[in-house]
Chemist: 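Please see the structure below; I have some questions.
From a predicted model like this one, the values you see are computed outputs, not experimental measurements.
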Amino acid sequence: MAVPTINAAIGTLYSEHVNPQWVRLLELLEMNVRYEHCSGSELFTADGRRILDFLSGYCVHNIGHNHPRVIAALREELDRKGPAMIQSHVSEGAGELGEKLCQRAGGRLTKVFFASSGSEGIEAAIKFSRAHTGRAGLLYAHGAFHGLTCGALSLMGDPFWREGFGPLLPGTEAIPFDDTDALERKLASRRFAAFIVEPIQSEAGMRVPSAEYFRTAQSLCRRYGTLLVLDEVQTGMHRTGPFLALHHWGLDPDMVVLAKAMSGGLVPVSATLMTEAIYDSVYGSLRRAIIHTSTFSENGLAMRAALATLEVLEAEQLGSRAIEAGEKLRTRLRQALDGYEMVKAIPGKGLLLGIEFTAPRSLRLRLAFEAFTRIHPAMFGQIIVMRLFRDSGILTQVCGNHFMVLKVAPPLVVTDSQIDEFVSAIAGVVESAHASPAFWSEALGLARRAIRI
Ligand SMILES: Cc1ncc(COP(=O)(O)O)c(C=O)c1O
């Protein structure tokens with residue numbers, strides 16, 4: 001079935017004035033549809049299709065798209081014509097939101113710096129940890145994704161993201177994830193201000209560390225005077241069950257960065273939570289009252305949307321839903337995909353899951369697989385994404401730093417029947433990858449088109 005493409009005028013203007021390569025990529029994948037309205041886990045297109053969202057905008061839509069409670073809170077804020085961007089006042093919602101976030105995070109986290117994106121949250125963590133420790137070094141883990149601004153990018157080793165943008169921050173060093181010996185060897189130099197790390201590495205393929213990793217990492221960081229900063233931009237806001245993924249291991253880090261799902265997918269916002277002492281190292285005197293700030297931080301709409309999002313997460317008990325639905329999804333995926341030689345594992349926690357594929361062993365499949373991974377290593381994953389979208393109306397994507405892992409991260413409001421729908425669609429695609437020569441010939445066709453483009 002041919003999928004109608006985006007309204008031509010919109011696409012042309014976007015290509016002319018924004019990013020033509022993005023339009024070409026979406027066209028190639030037959031995913032360039034025009035979404036008209038979105039609700040819960042469903043997206044409705046201008047040509048009458050209904051798409052099931054199993055990506056959640058990379059963990060933005062935990063409470064589902066356009067939740068009425070968040071929309072009502074935003075309407076109320078707009079209707080009252082409240083203070084916006086005055087820049088010389090105390091933001092009304094920020095204190096209340098700060099208190100609620102810190103209470104839920106627990107431990108020693110009592111202060112918050114608000115900004116508008118996850119990358120900005122990481123930038124704050126970099127500056128604040130340097131200010132607090134007086135050290136310049138920053139440690140991060142292989143496979144990490146922390147954002148694409150220069151500081152955050154300096155904490156991501158993958159040459160793909162860095163190429164052409166250097167030189168980046170000096171003093172950053174990478175260690176293997178889930179390796180406390182490697183961590184201790186670096187920390188012992190006492191050069192590092194912070195170890196910035198995701199509790200579960202989403203873009204690296206939904207990597208969950210071994211049970212003791214973070215508790216040991218936390219005590220090592222304390223021993224050597226390095227701050228433990230947890231990047232919960234994807235894992236936070238009940239995505240894996242508890243409010244933060246760190247709660248799985250009872251951690252008490254020095255800083256936590258939140259963004260994405262914080263404001264119901266409607267207003268950009270991020271929060272860097274930290275201890276009182278770290279905050280004081282930055283804003284410790286009147287002279288430094290606005291030493292680190294940003295025009296849009298603490299803006300009224302973001303604060304209102306985030307407060308309403310917290311209410312929804314709790315009223316609808318979406319943390320327990322993430323655990324229960326995640327277990328169901330994982331069990332159903334295991335049953336449906338068991339025995340396929342290209343399916344290696346179902347990693348992740350709660351509703352932050354992945355399907356990890358691996359190169360086939362049998363000669364028949366291996367030749368085709370190798371032919372087109374030589375063209376581009378993401379090609380196999382993109383065919384799966386494309387087939388799910390085109391044939392079953394399901395939106396997914398592969399992990400940004402591990403192309404052989406398909407993300408499975410629906411909104412936390414996903415229903416049991418939507419889970420069944422996804423499982424039967426992915427089972428169909430995986431079956432055709434293993435059994436149908438047409439899957440591979442179509443894949444090679446796409447690869448050739450990609451090269452021509
Ligand atoms: C774990 C993690 N940290 C930080 C970021 C950066 O967030 P943003 O894109 O809002 O700058 C991302 C973005 O995907 C992320 O996944």
Chemist: Taking E314 first and then R104, would you say they form a salt bridge - that is, a charged N and a carboxylate O separated by under 4.0 Å?
Modeler: yes
Chemist: What's the separation between atom CD1 in I51 and atom OG in S392, rounded to the nearest 0.5 Å?
Modeler: 10.0 Å
Chemist: Out of curiosity, M156 CE to F145 CZ, how far, rounded to the nearest 0.5 Å?
Modeler: 4.5 Å
Chemist: Quick one: CZ on R334 to CG on L329, what's the gap to the nearest 0.5 Å?
Modeler: 11.0 Å
Chemist: Mind checking what makes side chain to side chain contact (heavy atoms under 4.5 Å, CB included) contact with S210, not counting sequence neighbours?
Modeler: D178, Y213
Chemist: Can you list everything that forms a salt bridge (charged side-chain N to carboxylate O under 4.0 Å, His left out) with E173? Sequence neighbours excluded, please.
Modeler: K186, R191
Chemist: If you look only at pairs with a residue in residues 196-211, which of them pass as a salt bridge (charged side-chain N to carboxylate O under 4.0 Å, His left out), with sequence neighbours excluded?
Modeler: E203-K407
Chemist: Is D179 close to I175 at the side-chain level, that is, under 4.5 Å between some pair of heavy atoms?
Modeler: no
Chemist: Side chain to side chain contact (heavy atoms under 4.5 Å, CB included) with S294: which residues, sequence neighbours excluded?
Modeler: E120, S297
Chemist: Under 3.5 Å, side chain of E356 to main-chain N/O of V405, donor-acceptor pair present?
Modeler: no
Chemist: Surrounding CZ of R366 (heavy atoms of other residues, nucleotides or ligands, distance under 6.0 Å), is the total greater than 12?
Modeler: yes
Chemist: Within the distance-only criterion (no hydrogens, no angle test), does the side chain of T45 pair as donor or acceptor with the backbone N or O of R49 below 3.5 angstrom?
Modeler: yes
Chemist: Does a side-chain heavy-atom distance below 4.5 Å link L101 with L310?
Modeler: yes
Chemist: Could you tell me how the ring of F369 sits relative to the ring of W440: parallel (under 30°), tilted (30 to 60°) or perpendicular (over 60°)?
Modeler: perpendicular
Chemist: Once you round to the nearest 0.5 Å, how far does CD of Q418 lie from CD1 of I394?
Modeler: 9.5 Å
Chemist: Measure from the side-chain N and O atoms of H61 to the backbone N and O of P411, and report whether any donor-acceptor pair falls under 3.5 Å.
Modeler: no
Chemist: Side-chain contact, heavy-atom cut-off 4.5 Å: E316 with V413?
Modeler: yes
Chemist: Can you tell me how far the CG atom of L307 sits from the CG atom of L97, to the nearest 0.5 Å?
Modeler: 4.5 Å
Chemist: Using 30° and 60° as the class boundaries, would you call the ring planes of F403 and H376 parallel, tilted or perpendicular?
Modeler: tilted
Chemist: Under the criterion side-chain contact (heavy atoms from CB on, under 4.5 Å), which of D158, L168, L169 is the partner of L153?
Modeler: L168
Chemist: Checking T272 against F128 for the side chain to side chain contact (heavy atoms under 4.5 Å, CB included) test, could you report, in this order, the C-alpha distance in whole Å, the side-chain angles of both residues, the deciding distance, and whether it holds?
Modeler: CA-CA 10 Å; T272 306; F128 288 28; 5.8 Å; no
Chemist: Quick one: are L301 and L78 in side-chain contact, heavy atoms under 4.5 Å?
Modeler: yes
Chemist: OH of Y35: more than 12 outside heavy atoms within 6.0 angstrom?
Modeler: yes
Chemist: Do the non-hydrogen side-chain atoms of V269 and F296 ever get within less than 4.5 Å of each other?
Modeler: no
Chemist: Tell me if a side-chain donor or acceptor on H247 pairs with a main-chain N or O of L244 at a distance below 3.5 Å.
Modeler: yes
Chemist: May I ask you to decide if I346's main-chain N or O and R330's side chain share a donor-acceptor pair within less than 3.5 Å?
Modeler: yes
Chemist: For R69, give me all partners under salt bridge (charged side-chain N to carboxylate O under 4.0 Å, His left out), at least two apart in sequence or on another chain.
Modeler: E311
Chemist: Pick out which of E232, H248, K349 makes a side-chain hydrogen bond (donor to acceptor under 3.5 Å, both in side chains) with T240.
Modeler: H248
Chemist: Applying salt bridge (charged side-chain N to carboxylate O under 4.0 Å, His left out), can you list everything that pairs with E184, at least two apart in sequence or on another chain?
Modeler: R223
Chemist: Short question: side chain of E123, backbone of A152 - any donor-acceptor pair under 3.5 Å?
Modeler: yes
Chemist: So do the side chains of M404 and F380 get within less than 4.5 Å of each other, counting heavy atoms only?
Modeler: yes
Chemist: Could you tell me whether a side-chain N or O of S263 sits under 3.5 Å from a main-chain N or O of A306, the two making a donor and an acceptor?
Modeler: no
Chemist: Give a yes or no on this: more than 12 heavy atoms of other residues, nucleotides or ligands lie within 6.0 Å of atom CD of E163.
Modeler: no
Chemist: Just do the side chain to side chain contact (heavy atoms under 4.5 Å, CB included) check on L228 and V197 with the steps written out, would you?
Modeler: CA-CA 8 Å; L228 177 62; V197 59; 4.0 Å; yes
Chemist: Which residue pairs satisfy the salt bridge (charged side-chain N to carboxylate O under 4.0 Å, His left out) criterion with at least one member in residues 414-423, sequence neighbours excluded?
Modeler: R50-E421, R321-D416, K328-D420, R332-D420
Chemist: For D53 and S41, indicate whether the former's side chain and the latter's backbone hold a donor-acceptor pair under 3.5 Å.
Modeler: no
Chemist: Tell me, which pairs form a ring-ring contact (aromatic ring centres under 6.0 Å, His included) where one or both residues lie in residues 313-351, sequence neighbours left out?
Modeler: Y340-H434
Chemist: Heavy-atom count check: over 12 atoms from other residues, nucleotides or ligands less than 6.0 Å from E36 CD?
Modeler: yes
Chemist: Looking at Q397 and L55, would you say the former's side chain and the latter's main chain have a donor-acceptor pair under 3.5 Å?
Modeler: no
Chemist: Determine yes or no for a side-chain-to-main-chain donor-acceptor pair under 3.5 angstrom, with S56 supplying the side chain and A409 the backbone.
Modeler: yes
Chemist: Any chance you could measure F192, atom CZ, to Y140, atom OH, to the nearest 0.5 Å?
Modeler: 10.5 Å
Chemist: Taking the side chain as C-beta and beyond, is there a heavy-atom pair between M237 and L258 under 4.5 Å?
Modeler: yes
Chemist: My understanding is that only residues two or more places apart in sequence, or in another chain, count here; which of them pass side chain to side chain contact (heavy atoms under 4.5 Å, CB included) with T358?
Modeler: K344
Chemist: Looking only at the aromatic ring of each residue, does the gap between the centers of F177 and H142 stay below 6.0 angstrom?
Modeler: no
Chemist: Let's go through L155 and I126 carefully: what are the C-alpha distance in whole Å and the side-chain angles of both, what is the deciding distance for side chain to side chain contact (heavy atoms under 4.5 Å, CB included) to 0.1 Å, and is it a yes or a no?
Modeler: CA-CA 10 Å; L155 305 177; I126 292 173; 3.9 Å; yes
Chemist: Taking side chain to side chain contact (heavy atoms under 4.5 Å, CB included) as the definition, give me every residue that meets it alongside S320, ordered by chain and number, with sequence neighbours left out.
Modeler: Q317
Chemist: Can you list everything that forms a salt bridge (charged side-chain N to carboxylate O under 4.0 Å, His left out) with R364? Sequence neighbours excluded, please.
Modeler: none
Chemist: Show, in sequence, the C-alpha distance, side-chain angles and deciding distance for I196 and H146, and conclude whether the side chain to side chain contact (heavy atoms under 4.5 Å, CB included) test is met.
Modeler: CA-CA 9 Å; I196 301 181; H146 295 299; 3.9 Å; yes
Chemist: For residues 243-259, which residue pairs qualify under salt bridge (charged side-chain N to carboxylate O under 4.0 Å, His left out), counting only residues two or more places apart or in two chains?
Modeler: R108-D252, R108-D254, R222-D252
Chemist: Inspect the contact between D391 and R387 and indicate whether a charged nitrogen and a carboxylate oxygen are less than 4.0 angstrom apart.
Modeler: yes
Chemist: Less than 4.5 Å apart, any side-chain heavy atom of N299 and any of M85?
Modeler: yes
Chemist: Do we see a donor-acceptor contact under 3.5 Å between the side chains of Q218 and R215?
Modeler: no
